[in-house]
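Numbered from 1 within each chain, the chains take letters A, B, ... in sequence-line order.
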Protein chains: 2
Amino acid sequence: MGRNTLGTLEQAVMMVILALGDGAYGVAIRDELSRRTRREHTLGAVYTTLDRLTAKELLESYLGEPTPTRGGRAKRFFKLTGEGRQALDHAVNTRHELEYGLDLAGKGA
Amino acid sequence: MGRNTLGTLEQAVMMVILALGDGAYGVAIRDELSRRTRREHTLGAVYTTLDRLTAKELLESYLGEPTPTRGGRAKRFFKLTGEGRQALDHAVNTRHELEYGLDLAGKGA
DNA sequence: GCTATTTCTTCTACAAAGTAAGTTTATGGC
DNA sequence: GCCATAAACTTACTTTGTAGAAGAAATAGC
């Protein structure tokens, strides 16, 4: 995709990160994504998206505390950068204008 | 993009076709798209998308009357198939669930 | 202080979508 | 005929999306 549009998965991932607040790390993101999407996404898909968004500086990441549960590797948490927030808002607005006046399923209000 | 998700442009184009009703042909679609998106899209981008959606049987096309205007090649009009309508509705619903509970710009209602 | 187990991340190769920059076909008027 | 206009088509390329693993880190139990 040319310049600066966000793909559907990219947008979805960013929204899920917002929804998760703190606690947004790879596996959790995948799970919440599956929940909201009613669809399975592999971790591979999620992480590559995460990486690409980070490379574009729309996300930033930091490593979490030593794991509290059983075994496990250190979680990497993600959040939107200011730029990321802007990009998402822009995508949402664009969508809004596209949907304007149409009667679409799920547009109950 | 893997199996059956619609990309952002694909969704956008389908929405614009709905918005245009009859009168949805390449150039008109591009123009309406630019209007609603506040962004220029080349015809190349639009036509390749149109073709792909047609190939996936989400759109169907038919040729219009011999051109009424100045010069020009016969217009090709597009509309959603039943399957296309379904796919779009599904995309809209998914989006809905993703946005649920978030406070996003442009989500005024 | 090993080894199995759990939890999470990283890699790699490929398929699908998006874009740009042209080319082609068809009028109509001069 | 030649130029301008209006539309569609083509091609080569970049960016996103996906799958299916393999790789690391931490802990528990023994």
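- For the residue pair Q11(A)/R95(B), the side-chain donor-acceptor check at 3.5 Å is satisfied.
- Counting to the nearest Å, the C1' atom of dG17(D) and the CD atom of E40(A) are 16 Å from each other.
- Rounded to whole Å, the distance from CZ on R39(A) to C1' on dA19(D) is 12 Å.
- Nearest heavy atoms, T5(A) versus K56(A): O-NZ, 4.4 Å.
- Residue H41(A) contributes atom NE2, which lies 13 Å from atom C1' of dA19(D) at whole-angstrom precision.
- In terms of phosphate contacts, T5(A) brings a side-chain nitrogen or oxygen within less than 4.0 Å of OP1 or OP2 of dT19(C).
- Between R73(B) atom CZ and dT25(C) atom C1' there is a gap of 4 Å when expressed in whole angstrom units.
- Nearest-nucleotide positions on DNA chain D place Q11(A) closer to the 5' end than the other of Q11(A) and L43(A).
- Place T48(A) and F77(A) on DNA chain C by their nearest nucleotides, and F77(A) ends up nearer the 5' end.
- The distance from atom CD of E10(B) to atom P of dA16(C) is 12 Å, rounded to the nearest whole Å.
- Atom-to-atom, OH of Y25(A) to P of dA25(D) comes out at 18 Å; the value is rounded to the nearest Å.
- Side-chain contact, R38(A) with T94(B): no donor N or O sits under 3.5 Å from an acceptor N or O.
- Between dA17(C) and K56(B), a contact under 4.0 Å exists linking OP1 or OP2 to a side-chain N or O.
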Pick out the pairs of N or O atoms, protein on one side and nucleotides 1-3 of chain C on the other, that lie under 3.5 Å.
none

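- The CG atom of L50(A) sits 14 Å away from the P atom of dC8(C) (whole-angstrom rounding).
- With hydrogens and angles left out, the side chain of R52(A) and the base of dT15(D) share no donor-acceptor pair within 3.5 Å.
- Among the protein residues, R76(A) comes within range of the sugar-phosphate backbone only, with heavy atoms under 4.0 Å from sugar or phosphate atoms but none that close to a base.
- Both L9(A) and G44(A) lie close to DNA chain D; mapped to their nearest nucleotides by heavy-atom distance, the more 5′-ward contact belongs to L9(A).
- Remark: R30(A) is not in phosphate contact with dT18(D), judged by side-chain N or O atoms under 4.0 Å from OP1 or OP2.
- In this pair, Y62(B) and F77(B) present their aromatic rings parallel. The plane angle is below 30°, not in the 30 to 60° band.
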